[in-house]
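First comes the structure, then the notes that go with it.
Every chain is numbered from 1, with letters handed out A, B, ... down the list of sequences.
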Amino acid sequence: MDMAAQMECVNAKYVSQKISKTRWRPVSAASLQQPEVFSTGSWDNENNKVCVWGVGEPAGFTMEDELEGDPQLLCECEHAGDVLDLQFLDQDRLVTASSTGAVTVYKLHPDNQTLSVAHVWDRAHRYQSANAPCTGVACNSPELISVGEDGRVILYKADQRGIVRAIENADNSTIHGVTFLRTTEVLTVNSIGQLKLWDFRKQGSDPAQILALTGDRVPLHCVDRHPNQQHIVATGGQDGMLCIWDVRQGNMPFSIMEAHSAEMWEVRFHPTNPDHLFTCSEDGSLLHWETSSGSDTPLFLQGRNSSMMSRSATAPAGGNQSLISAWLNGDSSKGKLETTHMLPSQTLSVNSLDVLGQCLVCGTDGEAVYVHRRVHV
Amino acid sequence: MEELDVEPTTTLIPGAGLKQKHLGFEWGPGDLLMYETNFKLQGPSTGGSDRPSIFWLRRDEDIYSPILRKLFNESHHIFVGLQNIKDDVPSKNKKAQFVSISKNYRSVIRACMEELQQVAVSTTDTQYSNQVSILLAIELIWNLCEVLFIDAAPAGSLLLHLLDWVRLHKADVDEKAREVLQSESPARHHAYWDVVISFVLQGRMDEARQVLQKQASLQPASRATYQLMDSLLHKMPVFNPGSTQTLTEFDMKWRHWHEECDRCLQDNSFASNRQLETICKVLVGDEDALLEQKELLGTWYHLLISRLLFSHPTVKPAELHYYAQSSMDMFLESHSVPEPLDSILLAAFEFDLHQVIKDCSIALNNWWFVAHLTDLLDHCKLLQSHNLHFGSNLREFLVLEYASGLFSHHSLWQLAVDYFDHCPEFGRVYLELQIERVPLETERKALKVLRICEQRQMNEQVRSICKIMAKRALSNNRLGSALSWSIRAKDAAFATLISERFLQDYCTRGSFSDLDLIDNLGPAMLLSDRLTFLGKYREFHRLYEDKKFTEAAKLLLSLMTAKIAPRSFWMTLLIDALPLLEQKEVIFSVDQTHELMFCLEELTSNNNELKSEHRAQDDDDDVESTKLELLRLALARNLAMAIVKEGTVEA
């Protein structure tokens with residue numbers, strides 16, 4: 001689909017706060033509904049907030065066509081410090097990571113009209129004498145994990161006051177992001193370009209595995225796991241490169257792709273159609289990546305031999321793809337990877353994105369939230 | 001001292017200047033700091049028994065309005081787009097682009113105004129309604145400038161644009177019309193004739209005819225009179241810039257129509273109906289009749305446009321100022337003083353751009369408007385010749401003022417960067433001075449600030465930001481982070497300092513912390529000698545752990561002989577050599593053992609010199625001498641074994 005047509009469905013709303021994180025509220029797996037509620041976190045304000053927005057039509061009120069999907073504020077709650085990460089634990093609880101080092105669980109009441117603090121782990125991340133910013137949280141209800149600039153990895157259970165386990169000095173560098181790989185395994189990325197795998201069944205403070213880019217120690221800022229094939233992981237770095245890793249084999253990325261011209265702040269596989277991937281960056285762009293394992297329109301990612309490729313380059317592909325992910329398909333006959341810009345030209349950083357069903361939401365330092373309700377996946 | 005344009009306004013600061021204290025002040029980029037001094041006219045100072053207060057004054061309060069923030073963010077986007085218009089676009093296309101950009105700016109103002117209006121209705125706080133009226137004025141001025149300067153419409157089209165302008169800003173007619181038409185009996189509504197005449201005054205003849213129809217159908221007796229008026233209104237010629245009709249042809253046609261109206265008035269065609277007669281007098285441009293409608297006109301500039309419509313529809317831009325001045329004189333009571341808005345609009349009609357900008361700067365409480373308008377006018381090449389005796393030029397001066405205000409805001413500072421980028425003369429200096437002062441609460445924010453600096457090759461600032469972060473990490477005992485930051489800053493001195501800390505930690509704990517980083521230093525190792533040593537020393541440990549003893553021994557020796565290791569660390573290195581010397585097989589060759597011995601002697605002879613100066617404690621001496629004995633013994637034994645081994649091989 002061409003760029004202009006994609007951009008037509010984008011709805012921009014200025015919200016008077018720089019947005020650090022945007023997340024869709026999960027919809028129940030059984031229903032085929034599109035998501036209608038999302039949450040945002042702000043940063044760098046005197047008073048930061050967590051807000052919940054609705055994009056569905058309110059009952060008894062017919063909107064004009066052009067206003068369709070204009071996000072309406074449902075409720076908000078103060079947040080101490082910058083919101084550095086935000087995740088839904090389940091349909092009615094969300095978790096934030098704060099620059100004050102706190103991890104907070106918010107409860108979203110069923111009518112979507114009130115948001116309140118359910119529990120705070122104050123100073124979860126800290127130095128000896130000062131607070132350390134908490135940079136990321138990952139949820140796998142009821143468990144959650146937080147990471148921070150202090151290099152600690154902390155495991156909690158949402159309904160327990162104390163912490164379950166803390167790995168002190170898990171990293172000498174700042175941990176920028178975290179995601180669950182499996183129930184007992186998490187992945188972290190740090191500021192010296194390493195991807196570390198932690199197994200909570202093991203004691204001690206050593207990671208089960210360390211994967212790294214060779215040489216340059218380019219910081220990694222974000223990580224996401226393939227929803228179906230859990231060994232496939234995507235990361236984004238300070239130089240804007242997108243890396244695809246296979247954690248089962250090798251300690252180096254499977255492929256590296258030039259994506260953005262500045263820090264990549266978030267990378268997301270589409271949760272139900274993982275041949276699609278989305279990235280956003282400090283350079284103000286949001287990219288939609290599409291690869292395919294179908295034989296009619298094969299769009300493959302090239303393998304590990306050539307470590308660099310530019311966007312929409314054509315790579316040799318072929319073979320039997322039925323079992324192998326398109327993202328890792330190294331030796332297939334022919335195919336290509338297509339990327340599309342999803343936002344109109346824009347100068348300020350796109351800090352966060354989330355995609356669910358056909359809906360995508362992202363937030364920027366230009367104090368705008370963009371909602372796209374017809375993403376072609 | 002220059003003459004003042006206006007008397008400066010007095011701002012009362014609550015609590016300041018009590019007890020006859022003298023005040024001092026310091027200008028900030030968007031604010032002012034005031035403080036009470038200890039200065040006394042007579043007698044000694046009381047010694048500061050009461051603490052002096054400091055007051056922080058914000059100059060541009062609008063920046064803190066949450067709704068206006070949308071205006072700042074959206075217009076930032078338009079501003080950046082405008083700066084990127086290429087010079088090589090043909091000037092004809094350019095004009096269309098500029099007009100469309102001007103319209104974009106105005107639509108942002110309107111959107112903001114509508115939101116403020118909604119809030120203003122639901123609150124008693126007057127600040128919102130004040131902001132609405134300011135935005136209304138801003139949009140009014142901007143729109144007029146767009147018509148006169150940016151679009152620069154020629155005679156004929158000019159009036160059409162001015163009519164649009166007045167219609168847009170006198171929209172209460174539509175509201176009133178809706179009220180009348182939705183009432184039970186519109187023709188009997190008390191505002192019925194007001195609506196008809198208002199439509200006529202704005203040149204909206206079709207709408208006036210529609211409303212008039214209601215009355216006509218009620219009065220079959222005066223049907224002919226209504227029909228006559230309907231036909232006059234219907235026939236009024238309107239210039240069509242798209243057609244082949246020339247301005248002269250239009251003028252001719254218009255004069256015919258005008259004469260026809262005049263004839264109707266002369267032969268008393270409307271004598272039976274006072275309102276219709278009034279309308280007819282308006283149509284012929286009767287000034288008294290127009291002035292009678294002062295209430296409906298509301299402003300002198302509406303009077304001006306209505307006068308032009310009915311008397312001078314082919315007015316040329318250069319003639320505007322004459323009609324503008326006279327309309328203002330006619331409209332305003334002789335004793336009333338024109339408001340600032342009146343003078344600004346008049347200056348615009350006089351095509352005095354600099355007066356417009358100057359008056360706006362004085363009258364409005366924010367820099368947003370003048371900065372963006374001046375920038376746009378400058379792109380249209382309308383401000384070329386004007387240079388200021390301070391700063392660079394008018395455009396840059398105003399953009400810098402606006403951007404500095406933004407930069408003083410805790411969150412909007414990011415927007416200011418692009419404005420500074422487009423100030424060729426002083427923008428960079430401003431940015432350099434301000435960016436270093438952005439508080440860095442998190443690494444993520446630091447990375448964003450760094451990105452801004454790195455993109456602009458601001459090496460000094462990059463270094464300083466990294467240093468701040470490195471120092472903070474160091475004080476929090478995060479050596480790894482601290483080292484990463486100083487490597488990024490290419491700060492050799494600080495890298496040396498941190499390497500020392502690593503080595504100290506090793507000496508006290510016997511193991512390295514932060515192996516991840518040290519093991520992966522790569523070429524960054526060469527940043528400082530001490531860092532190189534740290535990396536190499538760690539490499540020695542790794543070789544030793546991997547049981548690559550020969551390589552480990554070689555590396556260890558070279559660290560001393562190549563003077564990579566600091567002298568203070570040699571003893572540690574020699575002790576590290578002990579287990580290698582004690583291995584069953586010979587690792588250090590004869591030559592290497594000699595070199596080791598030489599190092600040891602060099603170290604001890606120096607130490608003895610030092611010791612004669614400072615008497616160290618006896619306990620330490622004991623430990624030291626035991627170490628020395630052990631080393632000497634091990635070296636001697638190794639030498640013997642090596643000689644035997646090498647001799648055996650040769651034989």
Contacting region of [X] [heavy-atom separation from chain B under 4.5 Å]:
X: Q194(A); result: side chain
X: K13(A); result: neither
X: E46(A); result: both
X: E149(A); result: both
X: Y127(A); result: side chain

Audit row: R444(B), W265(A), side chain to side chain contact (heavy atoms under 4.5 Å, CB included) steps and yes/no: CA-CA 10 Å; R444(B) 197 175 304 170; W265(A) 292 125; 3.8 Å; yes
Donor + acceptor pair across side chains of K448(B), N351(A) (<3.5 Å):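 Side-chain D/A pair, K448(B) to N351(A): present.
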Student check: side-chain heavy atoms of [X] and [Y] closer than 4.5 Å:
X: D44(A); Y: W413(B); result: yes
X: Q455(B); Y: E282(A); result: no
X: L447(B); Y: Q238(A); result: yes
X: L348(A); Y: L415(B); result: yes
X: P133(A); Y: E441(B); result: no
X: N172(A); Y: L479(B); result: no

What is the distance from atom [atom1] of [X] to atom [atom2] of [Y], rounded to the nearest 0.5 Å?
X: S349(A); Y: R451(B); atom1: OG; atom2: CZ; answer: 10.5 Å
X: L68(B); Y: S16(A); atom1: CG; atom2: OG; answer: 9.0 Å
X: L71(B); Y: Y14(A); atom1: CG; atom2: OH; answer: 11.0 Å
X: S191(A); Y: W485(B); atom1: OG; atom2: CH2; answer: 8.0 Å

Greatest number of heavy atom pairs closer than 4.5 Å to chain B - which of [options]:
options: A262(A), A368(A), S99(A); value: A262(A)
options: N169(A), I210(A), D365(A), I192(A); value: D365(A)
options: D82(A), D150(A), D171(A); value: D150(A)

Salt-bridge present (R69(B), E367(A); N to O < 4.0 Å):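 E367(A) and R69(B): salt-bridged.
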Residue [X] versus chain A: region with a heavy atom under 4.5 Å:
X: R488(B); result: side chain
X: E74(B); result: both
X: N477(B); result: side chain
X: S484(B); result: side chain

Full working for side chain to side chain contact (heavy atoms under 4.5 Å, CB included) between H76(B) and T347(A): CA-CA 9 Å; H76(B) 163 263; T347(A) 58; 3.2 Å; yes
Other residues, nucleotides, ligands: >12 heavy atoms within 6.0 Å of Q128(A) CD: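 No.
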Heavy atoms of other groups near K445(B) NZ, more than 12 under 6.0 Å: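 Yes, because the 6.0 Å sphere around NZ of K445(B) holds more than 12 heavy atoms from other groups.
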S411(B) backbone acceptor or donor facing K18(A) side chain under 3.5 Å: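 Indeed, once roles are kept as given, a pair shorter than 3.5 Å links the two residues.
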Worked check of side chain to side chain contact (heavy atoms under 4.5 Å, CB included) between H176(A) and E443(B): CA-CA 9 Å; H176(A) 284 147; E443(B) 286 198 12; 4.1 Å; yes
